[in-house]
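The structure displayed is predicted, hence computed values, not measured ones. Excluded from the calculations below are hydrogen atoms, water molecules and symmetry mates; all remaining heavy atoms, backbone and side chain alike, are included. Whatever order the structure lists them in is the order used to number ligands and atoms, beginning at 1.
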Amino acid sequence: MSPDDAVGFESDSPILQKINTARELYAVWHADLTQDREIAGLLSSLKEAAGRSFSVMVDLGVVAACMRCEEEEGGSCCGAGIENRYSPVLLLINLLLGKSLPDHRKIPRSCFFLGKRGCTLGARHILCINYLCSKIQGMLDHEALAVLQSTTGKEMDILFAVNEAIKKRLRF
Ligand code: SF4
Ligand code: SF4
């Protein structure tokens with residue numbers, strides 16, 4: 001029995017089913033998808049864009065603020081259930097980026113994808129990319145917010161493009 005089961009928590013089965021589907025898609029399609037020039041280019045751009053977003057968040061103190069939330073203030077906003085927003089294709093994109101997907105929830109009452117050092121995914125849902133809590137909004141001045149939103153906006157545009165290109169290829 002997992003700690004979540006012990007407190008009568010929601011089942012992990014919906015996300016585990018999606019992870020299994022993503023792994024099956026990866027097994028059948030990964031060579032095809034990574035040899036497709038458009039998709040390979042988009043995956044590479046997405047990796048770069050996600051890295052840029054993370055660097056900007058480090059520079060602006062957002063990553064440090066989120067770490068304080070997790071370690072000192074009772075837990076981050078990455079709550080259980082957010083993982084259910086993820087589709088098999090978005091999880092497949094993570095596998096194509098070289099990320100491994102977990103087989104169990106590491107932190108009770110937190111998102112299935114939250115690890116000890118933050119989010120374990122390379123391609124996050126737009127809800128995750130776009131979310132700015134009131135603490136972060138209050139911490140950043142107008143200029144810093146504009147820089148952050150412009151950077152994450154580019155990441156979301158590329159994520160949308162790669163998601164659509166893969167769905168088209170798989171005829172999803
Ligand atoms: S976004 Fe806000 S609430 Fe969520 S972990 Fe960061 S500081 Fe905490
Ligand atoms: S950022 Fe990552 S850990 Fe946090 S809610 Fe989104 S997927 Fe889950």
| query | Any side-chain heavy-atom pair from Ile166 and Ile39 closer than 4.5 angstrom? | reply |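 Yes, at least one pair of side-chain atoms sits under 4.5 Å.
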
| request: To the nearest 0.5 Å, tell me how far Lys99 NZ sits from Leu91 CG. | output: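 Spacing of NZ (Lys99) from CG (Leu91) equals 14.0 Å.
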
| said: Let me confirm one number: the CG-SG distance from Leu132 to Cys77, rounded to the nearest 0.5 Å. | reply: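 Atom-to-atom, Leu132:CG and Cys77:SG are 10.0 Å apart.
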
| query | Looking only at heavy atoms, what is the nearest atom pair of Ala40 and Thr34, with distance? | reply |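 Heavy atoms of Ala40 and Thr34 come nearest at CB-O, 3.6 Å.
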
| message | Could you report the tightest heavy-atom contact between Cys111 and Glu83, atom names first, then the distance? | response |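 In terms of heavy atoms, the two residues are closest at CA-OE1, 3.5 Å.
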
Hey, which atoms in ligand 2 end up nearer than 4.0 Å to a heavy atom of [X]?
X: Tyr86; value: 6 (Fe), 7 (S)
X: Ile82; value: 5 (S)
X: Cys111; value: 3 (S), 5 (S), 7 (S), 8 (Fe)

| said: Show me, by chain and number, every protein residue that has a heavy-atom distance under 4.0 Å to ligand 1. | reply: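 Residues within 4.0 Å of ligand 1: Cys66, Cys69, Ser76, Cys77, Cys133, Lys135, Ile136.
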
| field | Distance flag, aromatic centroids of Phe112 and Tyr86, threshold under 6.0 Å | value |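 No; Phe112 has its ring centre 6.0 Å or more from that of Tyr86.
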
| said: With a 6.0 Å cut-off (strictly less than), is the heavy-atom count around CG of Leu97, excluding the residue itself, greater than 12? | reply: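 Result for CG/Leu97: enclosed.
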
